[in-house]
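Below: one structure, written as structure tokens.
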Amino acid sequence: MPQNVVLEGPAPWGFRLAGGKDFNQPLTVSRITPGSKAAIANLCAGDVILAIEGVPATDMLHCEAQNKIKESTSQLSLTVERNESRLWSPRVMEDGHAHPFKVNLEAEQQEYKPIGTAHNRRAQPFIAAANIDDKRQVVSTAYNTPIGLYSSGNIQDAMEGQVRGLVLPKPESPRTLTSIEDSDVYRMLQRDQEEPQEPRQSGSFKALQDFIDSDGTRPIVTRTVRAPTTKTTPPTGNLQKLPVCDKCGNGIVGTVVKARDKYRHPGCFVCSDCDVNLKQKGYFFVEGQLYCETHARARMRPPEGHDLVTTFPSA
């Protein structure tokens with residue numbers, strides 16, 4: 001509910017404002033200086049200011065609220081709305097009043113209960129067992145023990161499941177062998193050793209043997225072998241597309257100067273008579289050659305009795 005707080009002057013009042021209409025937040029006391037006039041008047045941090053000297057502060061800008069407070073010299077009257085739930089502040093009480101500077105840091109006594117006087121006095125054991133065989137069994141009292149995973153039955157089932165997909169079953173033989181001589185593989189090896197085989201010869205020796213056996217009537221057929229040749233790498237497409245300088249005849253890599261339909265290096269863009277670089281100086285073509293203005297005028301001098309007139313093409 002709204003409360004009226006009166007601060008006795010003069011300034012400074014000892015509190016800080018926050019918010020305003022320009023901040024889309026209500027005017028609120030953000031900080032109280034201990035021992036100040038605002039602390040003595042029981043102005044608290046978090047109080048929302050509703051009126052300043054009877055003027056509603058709902059639509060006030062932050063600077064307007066500050067100027068209104070500065071106009072008060074001897075006394076400042078504020079209408080504030082205070083939240084009922086306040087945080088506990090460890091203040092020191094002297095003569096029934098809270099001291100503005102001293103803070104009580106003494107801890108409050110709490111009820112002490114030793115271990116064993118409340119619930120869960122003794123945890124119940126967790127019993128797990130694993131069968132080693134039909135007569136022996138291992139019992140463990142540890143919580144969440146994996147001992148049951150290592151029993152002989154589980155190990156045997158896991159091994160069978162893993163090996164089943166890796167080892168293929170042996171195919172059954174259609175007939176039972178009584179001796180090694182009945183094996184088909186053994187018979188094939190013996191037959192290869194007993195049968196005579198033609199000796200292997202290279203192509204040149206075979207051709208020479210055929211020539212000797214035919215008493216020279218069959219010609220020796222040989223194959224011509226050429227020495228390996230190194231293929232030249234064709235020029236890349238980028239080199240073929242390089243513009244050629246009109247003066248030196250070399251390809252231009254980088255900056256290119258184009259004058260009409262001719263290309264030149266920046267260093268080759270010079271006058272044909274005085275070798276002056278024509279960059280930003282103007283150039284003239286006379287009979288297909290580049291000249292500066294001086295030498296172009298000398299080459300294009302009219303006959304005696306005629307004047308040189310500069311003409312411009314019509315638009």
Side-chain angles (χ1 to χ4, degrees), residues 1-129 139-149:
M1 57 181 299
Q3 299 181 10
N4 293 325
V5 179
V6 179
L7 282 69
E8 299 296 335
W13 306 110
F15 67 94
R16 182 176 297 175
L17 277 181
K21 187 177 180 181
D22 47 347
F23 294 98
N24 293 327
Q25 293 180 356
L27 286 170
T28 310
V29 178
S30 61
R31 184 178 179 274
I32 299 294
T33 303
S36 64
K37 298 173 182 178
I40 297 174
N42 198 21
L43 187 66
C44 301
D47 290 349
V48 178
I49 298 179
L50 302 180
I52 302 174
E53 295 292 342
V55 180
T58 307
D59 297 332
M60 281 189 181
L61 301 177
H62 188 83
C63 59
E64 294 177 350
Q66 288 181 339
N67 295 333
K68 188 65 177 176
I69 293 174
K70 291 178 181 178
E71 292 176 0
S72 302
T73 56
S74 60
Q75 191 180 43
L76 177 62
S77 176
L78 299 176
T79 303
V80 299
E81 184 177 4
R82 182 170 301 171
N83 190 5
E84 296 299 332
S85 59
R86 295 185 56 188
L87 296 177
W88 173 80
S89 179
R91 296 172 179 258
V92 176
M93 305 300 294
E94 292 183 355
D95 299 334
H97 299 282
H99 198 280
F101 300 105
K102 294 183 180 181
V103 177
N104 182 17
L105 301 180
E106 183 180 359
E108 296 181 357
Q109 296 292 334
Q110 297 181 1
E111 184 181 0
Y112 172 72
K113 292 182 179 181
I115 298 176
T117 59
H119 300 287
N120 297 330
R121 296 184 179 181
R122 183 178 180 182
Q124 297 295 328
F126 181 84
I127 300 175
V139 178
S140 175
T141 58
Y143 175 74
N144 200 17
T145 175
I147 191 172
L149 301 177

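Atom set for the values below is all heavy atoms of this structure, side chains included, hydrogens, waters and symmetry mates excluded. We're numbering straight along the sequence, starting at 1.
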- Atom OG1 in Thr33, atom CZ in Arg16: separation rounded to 0.5 Å? 7.5 Å
- Starting at NZ of Lys68, measure out to CG of Leu78 and round the result to the nearest 0.5 Å. 11.5 Å
- Query: Which heavy atom in Leu17 sits nearest to a heavy atom in Ala65, and how many Å separate them?
  - Reply: CD1-CB, 4.1 Å
- Message: Leu76 and side chain to side chain contact (heavy atoms under 4.5 Å, CB included): which single residue from Leu7, Leu43, Val6 fits?
- Response: Leu7
- Over all heavy atoms of both residues, which pair between Ala45 and Ser30 is shortest? Give the atoms and the distance, please. CB-O, 4.1 Å
- Message: For the NZ atom on Lys37, are there more than 12 heavy atoms of other groups (residues, nucleotides or ligands in this structure) within a distance under 6.0 Å?
- Response: yes
- Rounded to the nearest 0.5 Å, what separation is found between the CG atom of Leu27 and the CD1 atom of Ile69? 8.0 Å
- ring-ring contact (aromatic ring centres under 6.0 Å, His included) partners of residues 14-59, not counting sequence neighbours, each pair once: Phe23-His62
- Item | Positive for side chain to side chain contact (heavy atoms under 4.5 Å, CB included) with Glu81, one of Leu50, Asp47, Thr28 | Leu50
Side-chain donor-acceptor pairs of residues 53-61 under 3.5 Å, sequence neighbours excluded:
{"residue": "Glu53", "atom": "OE2", "partner": "Ser72", "partner atom": "OG", "Å": "3.0"}
{"residue": "Glu53", "atom": "OE2", "partner": "Ser77", "partner atom": "N", "Å": "3.1"}

- Minimal non-hydrogen separation, Ala41 against Val5, with atom names: O-CG1, 3.6 Å
- Task: Answer yes or no: is there a side-chain heavy-atom contact under 4.5 Å between Asn42 and Arg82?
- Result: yes
